[in-house]
Enquirer: 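Submitted below is the structure of interest, expressed as structure tokens.
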Protein chains: 2
Amino acid sequence: MIFMKTDLEQNRDLSAQIAKAIRDAIITGEMNTDDRLPSEAELADQFNVSRSTVREALKRLAAQNLIRTRRGATGGAFVHRLSYAEAYADHITTSTLLLSMNAVDFETACEARFALERACAPLSATRRSPDHLATMRAEVHRQSQPGLSDEGFCDSDVAFHRALVDGAANPVLSYQLAGAVEAMQPLMNMITFTARSREAIIAFHTRITDALEAHDADGVDTALSELARYTLGLGQKAMAARAAHRR
Amino acid sequence: MIFMKTDLEQNRDLSAQIAKAIRDAIITGEMNTDDRLPSEAELADQFNVSRSTVREALKRLAAQNLIRTRRGATGGAFVHRLSYAEAYADHITTSTLLLSMNAVDFETACEARFALERACAPLSATRRSPDHLATMRAEVHRQSQPGLSDEGFCDSDVAFHRALVDGAANPVLSYQLAGAVEAMQPLMNMITFTARSREAIIAFHTRITDALEAHDADGVDTALSELARYTLGLGQKAMAARAAHRR
DNA sequence: ACAAACCCAATTGTCTGACAAATGATTTTT
DNA sequence: AAAAATCATTTGTCAGACAATTGGGTTTGT
């Protein structure tokens, strides 16, 4: 792979332009996974800039998981195969940040989350493995522990719903939904769960798991939509309480 | 905001560690939108590293749209409010790359896309604005132009489905789905559309738009699931043809 | 011949110091 | 008072140096 100075405008922000040139080469498939980029010194020559500028460009790409670097004689920067696990993690932090920075309200996030989960339900009812069921049962059990903190309850809730989504055995679906499910957590964390509401949620979770075990897609869907309504109510109550408290 | 050397391990990859320290400060809300970070020189002092190292860290954050920098006396690095538009763009390129790098098959992507779209359908049937309908009609019209290339047809297809999703008037939903809808495009582009199949798809699109206009959620859902089945068939035929050709 | 120790070259990681360019604030001039 | 010049601060870029890592080759010991 050879880059040329001509790939750059004469303007400014060279490191961003260089990053873009290399990124394009990766995205368009001009470079393939595990291909090695030219060394920093070579890139500096090709783009006719200093090594520091090249390095800043490479750091940008590394931050996006597009390349990995290794030191040493056979080292260098290599095109990195973006794995689901890495993409998941990024997607979740970005989604969370996006929601918090744009002050998305509880209703909107809740609606999105349950709408998407319900989309997985039929597939999950067909394909869920014993592993998924076991995870869900375990989380339900964890949720019924008396000493569990509100945060722990939310953690478990997220884990439960992730298992439900993963049950659809479609990685694309899991990936896209991870953002919606996990990004809800900070909003859920603002709710104080009473023993009463925990009980209700656990009952929904049990119903969902049972229906899933019985391959009963309709049952899952019904329970999910009722849970959605219930969660929405909880959230609205919590928001109202907050608003009153702030008065 | 003051950072300390103690935030770093003594190990390696200082610029990554510094980036992480600052990123955490942003994500946890320790720093707010439009807050100014210390200058590069100050950060270098605080972390006890050179300015180049700090700069590499800042470039990492800039690549993730977490900060923006301005030159000049009142310049510096500022915490950036992540906008939907920016997040969309990143999400789409990442999704596309993830699918292509992991060789996701047509069935999986197709299933995910339509499952998610069907999740929006009821909401969209309730809330779609005249604007959304107009966009969809316009795209359908574009799709029926005789001279349209296969790629143009796919473009229009994506635009149509995006309008459908956006009709749900839930930005969280739109954001999460953007990845699934757009990332399908490269896979769709591998299909050669016959006049016959274009006609069929346009008919589905018309049915969907009509149902949406009539606020008929069930009609949208039915048409969408039939379109899903049809698209899947097209894709499988195309993949089979490819496999035969490669033989 | 084989293994261990050593050395070597390539490459990234970090540091230092310098200057250019942008940019808002300040001061001077008109 | 308005315009122009100057200044101080900050990011952007460059050049050169050295440290650290790492795989490959070379020598040496047996």
Enquirer: Would you check if the side chain of A:Asn32 reaches a backbone N or O of A:Asp35 as a donor-acceptor pair within less than 3.5 Å?
Expert: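 No.
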Enquirer: Report the residues that fulfil side chain to side chain donor-acceptor pair (under 3.5 Å) with A:Ser156, sequence neighbours left out, ordered by chain and then residue number.
Expert: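 Checked A:Ser156 against side chain to side chain donor-acceptor pair (under 3.5 Å); matches are A:Glu139, A:Gln143.
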Enquirer: Kindly write out the residues that satisfy ring pair (Phe, Tyr, Trp, His ring centres under 6.0 Å) with B:Tyr88, not counting sequence neighbours, or none if the list is empty.
Expert: none
Enquirer: Tell me the salt bridge (charged side-chain N to carboxylate O under 4.0 Å, His left out) pairs involving residues 89-102 of chain B, sequence neighbours left out?
Expert: none
Enquirer: Just the rounded figure in Å: distance from P of D:dT9 to CG of B:Leu43.
Expert: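 Answer to the nearest Å: 17 Å.
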Enquirer: How many Å lie between CZ on B:Arg68 and C1' on D:dT10, as a whole number?
Expert: 18 Å
Enquirer: Restricting to salt bridge (charged side-chain N to carboxylate O under 4.0 Å, His left out), what partner residues turn up for A:Asp150, sequence neighbours left out?
Expert: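 By the salt bridge (charged side-chain N to carboxylate O under 4.0 Å, His left out) rule, A:Asp150 matches A:Arg198.
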Enquirer: Where along residues 60-67 of chain B does a heavy atom come under 4.0 Å from DNA chain D, residue by residue in number order?
Expert: none
Enquirer: Can you give one letter per nucleotide of nucleotides 12-17 of chain C, going 5' to 3': B for a protein heavy atom under 4.0 Å from the base, S for sugar-phosphate only, - for none?
Expert: BBBBB-
Enquirer: Mind checking ring pair (Phe, Tyr, Trp, His ring centres under 6.0 Å) for A:Phe106 and listing every partner two or more places apart, or none if nothing turns up?
Expert: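 By the ring pair (Phe, Tyr, Trp, His ring centres under 6.0 Å) rule, A:Phe106 matches no residue at all.
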Enquirer: So, using side chain to side chain donor-acceptor pair (under 3.5 Å) as the criterion, who are the partners of B:Glu40 when residues are at least two apart?
Expert: B:Arg51, B:Arg55
Enquirer: Which pairs pass side chain to side chain donor-acceptor pair (under 3.5 Å) with one or both residues in residues 70-82 of chain B, sequence neighbours excluded?
Expert: B:His80-B:Glu86
